[in-house]
Amino acid sequence: MADTLTLGKALNSGLRRAMEENPKVLIMGEDVGKLGGVFRITDGLQKDFGEERVIDTPLAESGIIGTAIGLALRGYRPICEIQFDGFVYPAFDQIVSQLAKMHYRSQGKVTLPVVIRIPYAGGIGAVEHHSESPEAYFCHTPGLKVVSCASPQDAYWMIQQAVASDDPIIFLEPKRRYYEKGVVDTSLSLDQAYPLHASRVLREGSDATLVAYGPTVRVALDAAEAAAEDDNRSLEVIDLRSLSPLDLDPVYESVRRTGRLVVIHEAPRTLGLGAEIAARVTEQCFYSLEAPVQRVTGYDTPYPPARIEDEYLPDLDRVLDAVDRTFTF
Amino acid sequence: MADTLTLGKALNSGLRRAMEENPKVLIMGEDVGKLGGVFRITDGLQKDFGEERVIDTPLAESGIIGTAIGLALRGYRPICEIQFDGFVYPAFDQIVSQLAKMHYRSQGKVTLPVVIRIPYAGGIGAVEHHSESPEAYFCHTPGLKVVSCASPQDAYWMIQQAVASDDPIIFLEPKRRYYEKGVVDTSLSLDQAYPLHASRVLREGSDATLVAYGPTVRVALDAAEAAAEDDNRSLEVIDLRSLSPLDLDPVYESVRRTGRLVVIHEAPRTLGLGAEIAARVTEQCFYSLEAPVQRVTGYDTPYPPARIEDEYLPDLDRVLDAVDRTFTF
Amino acid sequence: MSKGNSKRGVTRRPSKNSSGDLEFVQLLTPQGEPIKHPDYSVNFTDEEYRALYRDMVIVRRLDAESLSLQRQGELALWASLLGQEAAQVGSARALREKDMVFPTYREHGVLWCRGLDPILPLKLFRCVNQGSWDPESHRFHMYTIVIGAHALHAVGYAMGVTKDGKVGSDDGEAVIVYFGDGASSQGDVAEAMSWAAVFNAPVVFFCQNNQYAISEPVERQARIPIYQRARGFGFPGIRVDGNDVLASYAVTRAALDAARHGQGPTLIEAYTYRMGAHTSSDDPTRYRVDAEVEAWKAKDPISRMRAFLTQQQIAGPDFFEAIDEEADKHAIELRERVLAMPDPEPVSMFDHVYPGGSPLLDDERAELVRYLESFESEGVR
Amino acid sequence: MSKGNSKRGVTRRPSKNSSGDLEFVQLLTPQGEPIKHPDYSVNFTDEEYRALYRDMVIVRRLDAESLSLQRQGELALWASLLGQEAAQVGSARALREKDMVFPTYREHGVLWCRGLDPILPLKLFRCVNQGSWDPESHRFHMYTIVIGAHALHAVGYAMGVTKDGKVGSDDGEAVIVYFGDGASSQGDVAEAMSWAAVFNAPVVFFCQNNQYAISEPVERQARIPIYQRARGFGFPGIRVDGNDVLASYAVTRAALDAARHGQGPTLIEAYTYRMGAHTSSDDPTRYRVDAEVEAWKAKDPISRMRAFLTQQQIAGPDFFEAIDEEADKHAIELRERVLAMPDPEPVSMFDHVYPGGSPLLDDERAELVRYLESFESEGVR
Ligand SMILES: Cc1ncc(C[n+]2csc(CCOP(=O)(O)OP(=O)(O)O)c2C)c(N)n1
Ligand SMILES: Cc1ncc(C[n+]2csc(CCOP(=O)(O)OP(=O)(O)O)c2C)c(N)n1
Ligand SMILES: [Mg+2]
Ligand SMILES: [Mg+2]
């Protein structure tokens, strides 16, 4: 079975299937019930699974994650929705000190299979606090796993894999891609689906490597396309998919062939994921690199007013510019 | 005038002087009044400046930072104490979404001269949540500045500079160094003191460069000493001092001479400051590096039980081991 | 072991106020008839009564214009105050000039009364800036979108007022913080109430209970009326008919005066209704029925005041017409100004990150400048 | 404009309870005389009365031994329960086996009553692990050091109890969460109360008001008694004499029963006193006077119960002596086990970071193993 779905609808279908598979799966968050979430990702689920399983919560993010931990201790598998990236911070203690650490602190006696879904990143012309990329905070936190989907197929399967995993997972949804369509093969079993914590080569190339995740995967693919057409350059594109733990072996392998790497993300540059990838790739591919790893990222400012976000966000031109730099270094 | 003071006492004296200089300076936090703080850093200040200026607050970190913002809006200059690193997370939203951004959001119409003091990092044999190194979270947050002191002289001057600065500043105090002594020159004026946001070469060397900050500066100095004696190697030691913004020019300059760099911090490796430094140094010194930047850091686990923290924390041997790696790469 | 036993003696589920009952302070019925309240009254001149009406009409008109600008793509978003004009205008007009306001993102009516240029919130919602007005100029802080966070700022500010010796007499200053029914669940708001109680801060917590937090009815936030929250912290809470501009004024005035005189905080719950969508992105038909909206229309704050003015012969058709015309003029001006509003310069994104500057940012700015200039020289790719 | 006016009709500063007054439930005077309470009573057999005494003596003795182990360098820290034995034992013995407990870091007495091995907290405070017992084995969650965070876990757990259909009859399950007077200021605790009210969760909030949060007296947290906090959220709050084991039992039992029967949450404030330092790192002489400590000594929970048992001829010197001996035996055994406690293996720091494992961690573990082995081969540097 293969359907053509938007990324948002693929998430919705994946959530539905996860709830059908396991009666312990719950959805909780602000406006996830009747409204189906402000992006409608949980549309129809409360109607079909009831208010006991799809819970409109009080307006309190720390409460959402804190009670989800309690529900997980009781044997449930909560999927929490944080309405927008910029509203996850009130829950920070519950996420980094409680959720992330309880398995460790209990020496494995407690597992907390909690998934935190966050529509994240920019590019939708929104007011402040609605366009942020907080992934580095979570990737720097041992005990959390962090993933991001970039296609409907991945959205559909990764959300199910995340729910099935016993790890606490931050699930980052590139909100500006919710309406992009793609083919989803719904006929697989969970085990057959591409592994949750593996990166994936989306386009093969030999001249330089682009690494992206979430909303910038499309940017990378477009850049590769343009480079092929305009500059006759062959760029390899890798979708990280798993931000923590990182699966960099395919990146090392690629860079050993291409000698050039550009990492693309929307989060501010300093201590964004590009830093870690640059550090690791340089260590592993020291003698293969023809130029230092280039980072095309958001700048080290708060997310700017949306009327100028286009200049803040990595786009095709900035990526190609960085590729040029790796050739002229 | 030069006194020999412990780092803790130097902070206490610096705070006292900052309060004398400006009646708008306030101290607030849990147990900072009568008790003088659990580490006695504010000892005697409530007695001398009164309860109106040294405020024992309710037990609520978000409240501490949130009300400090309000006090700053009213023209005060609050110095907040967070009792231990692991207790800063409930205040995360107030720090990263409110404090860090208000100057930007107001296009400069509002300034929030708030200093957040955090006794941080490990090595004191403490129970969980009392030994963490959260600096990367703050360094990844535009709008915050982050500094750490490693000597009594710096402690005395940097705290005063931080209070005098109009930027919101996270002031990280290496708690396991509170009792280490050093000479403090109290005769300078604030302008004469070494600049707050500048790194500093503490020991010159020609074979490899060590970069450290806070509690690991001592480790780096000891390693350099040992390397000189045992291995006849000359290691340059740089204390970062300012973690955000980074002042890396002295590091670039050094690495261009030595060709080898080891960065040392206690925070987990992944997306710790070592990553950013590695990325930038590789970019700036690409043709000078003889080996990839080595990171000697905490591991990517929650802070372990203190009985095994010695194996978690970077120590002299691990630093020298990393130096060896830069020679044998 | 044996069981302890008790008569618990506490009602577990106090019956919820229906909007029709009188467990709130009301000075005007929905039909515009004045009623007496044992504790609260107003004593306005005719001119003042008319001014309140004018405020409400203008802020509603500006709000409608803003929504229409949003629909035409001129704004990214709009959070309408429709239905909440009385709560906002009544409370705002109770403020003295020196009092300080901490609003949410919906207090356009309060902003108007404070004398700020009504274009300012439209800059935020057009995304040309982030609501970057000077909070001190009209003693009205920037909007806060992160729910509840500003309650702590208000309390801290109020603590500063006390430190400055500006409480305890009729010359005292007070602080007011606006927030919604949904916000009452946030830990920050509870902490703010704790602190306000402990430090006896001169602050008024003004909760506009407009019955919804986006799609969630207030029952998701509290099982007893929100104004009662204050009892748990040891300061008074009171519910007012938020669609009654006179009652909103009187209750707020009293609370502000108590604060400025050193009597500490008060929580006011203004019982009202969000007549429109949560924001222009919202679709309220998914979560509420027309009948409910209709029922609230009958309690409209403006028609109520208009009926009062008419019945009391304080104003007649000419006045109402003149106000409508004035409101239209403001709306047209607002529209023109929005259409003429320039986008910010891209490199301005690097401005004001730090009062003390940052060499890192200077480098990044230079990088962007160079990059943008490269297009000028080579032509767009 | 003219001023509104009001009689505010709410006492702004309800007079604070002194520890001596009777605005709390008490069933035993400090002298051990039984007193009647209109709502609460116990009906224990002699055996049960003696068992409560035994619990209190043993947990105090174990606590003293732990403190002494800390003084001798065997523990990194100790948080003593001295003075809080009645609150802990009384409330814990009111629990049924299936009820679930969420403690802070000081509930060694509750832990004992739940039947956990008393060595467990000493592993945490010796820093060989992080209190890593199985929460389900005795239905007693791990200790939580981050103040207030576990209140939300308790409420979530209780919501799960409801979902499982385990409330509404005498077979129902209840949840209890312990926290301190200081914790009552945390946003998380307020959010927990909000949620508990909205979801009518079967949870008992048990606040041991031991008068201090480290150095800060309870007045820094609240200006009215803490049990009244519940009123603002719409569920009952009650204060009990926390040094009276019988009252602590009776009040907790009633609240747990209400919860299991589906009547929702209760807040209990157990009014007690921390007789020792906050922890072994603390110096209480900096912030409180001897006279205060002395006054509380007169209300000691154990001597009170002993007086009661004696007066009622439920127990005599032989019994007391036997219990002391038993307690000593437990203490000696505890000490021996602490002294014999091995340090963890360094590489165990990589265990249990993720249920699903992580290749990154495997690499780091291998790195550490290689590194440690390098010393074995080359001899220590
Ligand atoms: C911390 C946080 N969480 C979530 C949101 C998203 N959000 C914006 S408005 C809103 C509802 C607010 O309801 P209420 O407090 O009643 O105010 P109202 O909008 O009704 O005026 C939500 C959930 C936010 N802005 N901040
Ligand atoms: C979030 C957080 N902030 C600060 C601390 C440091 N701390 C440990 S115990 C304590 C006081 C707690 O007081 P209370 O809640 O009354 O409990 P008690 O220790 O008196 O039993 C503080 C401030 C902490 N553990 N967690
Ligand atoms: Mg609302
Ligand atoms: Mg206490």
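- Contacts between Ala154(D) and chain A at a heavy-atom distance below 4.5 Å are absent for every atom of the residue.
- For Asp134(D), the parts sitting under 4.5 Å from any heavy atom of chain A are the backbone and the side chain alike.
- Two residues are said to be in side-chain contact when any heavy atoms from C-beta on lie closer than 4.5 Å; Ile55(A) and Phe199(D) meet this criterion.
- For the pair Met102(A) and Thr144(D), the minimum side-chain heavy-atom distance is 4.5 Å or more.
- For the residue pair His150(D) / Gln98(A), no side-chain donor-acceptor distance below 3.5 Å is found, with atom types taken as modelled.
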Exercise for review: Would you sort out whether Arg105(A) and His352(D) count as a side chain to side chain contact (heavy atoms under 4.5 Å, CB included), showing the intermediate values?
Suggested key: CA-CA 8 Å; Arg105(A) 294 171 57 232; His352(D) 308 299; over 6 Å; no
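- Using a 4.5 Å cut-off between heavy atoms, Leu26(A) contacts chain D through its side chain alone, with no backbone atom that close.
- In this structure, the side chains of Met159(D) and Thr67(A) come closer than 4.5 Å at one or more pairs of heavy atoms.
- For chain D, the nearby parts of Ser62(A) are the backbone and the side chain; heavy atoms of each come within less than 4.5 Å.
- Environment of CD in Glu51(A): sparse, with no more than 12 heavy atoms of neighbouring residues, nucleotides or ligands closer than 6.0 Å.
- Minimum interatomic distance between Trp195(D) and Ile64(A) (heavy atoms only, all atoms of both residues): CZ2-N, 3.5 Å.
- Using a 4.5 Å cut-off between heavy atoms, Met142(D) contacts chain A through its side chain alone, with no backbone atom that close.
- When each of Val155(D), Val175(D), Asn129(D), Leu124(D) is scored by its heavy-atom pairs under 4.5 Å with chain A, the top score falls to Asn129(D).
- Residue contact with chain D, scored on non-hydrogen atoms closer than 4.5 Å, is absent for Leu246(A).
- The local environment of NZ in Lys34(A) is sparse, with at most 12 non-hydrogen atoms from other residues, nucleotides or ligands closer than 6.0 Å.
- The side-chain heavy atoms of Asp188(D) and Gln94(A), taken from C-beta on, include a pair separated by under 4.5 Å.
- Proximity to chain D (any heavy atom under 4.5 Å) is shown, for Ala68(A), by neither the backbone nor the side chain.
- Top candidate by heavy-atom pairs under 4.5 Å with chain D, chosen from Leu112(A), Thr111(A), Asp247(A), Leu144(A), is Leu144(A).
- Across every non-hydrogen atom of Ala149(D) and Asp93(A), the tightest pair is CB-OD2, 4.0 Å.
- Between chain A and the residues Leu360(D), Asp164(D), Asp351(D), the most heavy-atom pairs under 4.5 angstrom are made by Asp164(D).
- Interface residue Gln130(D): backbone and side-chain heavy atoms are both found under 4.5 Å from chain A.
- With a threshold of 4.5 angstrom between heavy atoms, Pro58(A) approaches chain D through its backbone and through its side chain.
- For Val161(D), the parts lying under 4.5 angstrom from a heavy atom of chain A are both the backbone and the side chain.
- Note on Pro142(A), Gly143(A), Pro245(A): by heavy-atom pairs under 4.5 Å with chain D, the leading option is Gly143(A).
- Minimum interatomic distance between Leu152(D) and Gly63(A) (heavy atoms only, all atoms of both residues): CD2-CA, 3.6 Å.
- By the 6.0 Å contact criterion, NZ on Lys123(D) is open, its count of non-hydrogen atoms from other residues, nucleotides or ligands being 12 or less.
- No donor-acceptor pair closer than 3.5 Å links the side chain of Gln107(A) to the backbone N or O of Ser132(D).
- Interface residues of residues 70-84 of chain A toward chain D, defined by a heavy-atom distance below 4.5 Å and sorted by number: Gly70(A), Leu71(A), Leu73(A), Arg74(A), Tyr76(A).
- Residue pairs meeting the ring pair (Phe, Tyr, Trp, His ring centres under 6.0 Å) criterion with at least one member in residues 168-192 of chain D, sequence neighbours excluded: Tyr178(D)-Phe206(D).
- Counting heavy atoms of neighbouring residues, nucleotides and ligands inside a 6.0 Å radius, atom CD of Gln192(A) exceeds 12 of them.
- With Asp167(A) contributing its side chain and Tyr354(D) its backbone, the two residues share no donor-acceptor pair below 3.5 Å.
- Trp133(D) and Lys109(A) get closest at one heavy-atom pair: C-CD, 3.6 Å.
- The line from NE2 of His141(D) to OG of Ser106(A) is 8.5 Å long, rounded to the nearest 0.5 Å.
- The contact between Lys145(A) and chain D is made by backbone and side chain atoms together, counting heavy-atom distances below 4.5 Å.
- In this structure, no portion of Met100(D) lies under 4.5 Å from any heavy atom of chain A.
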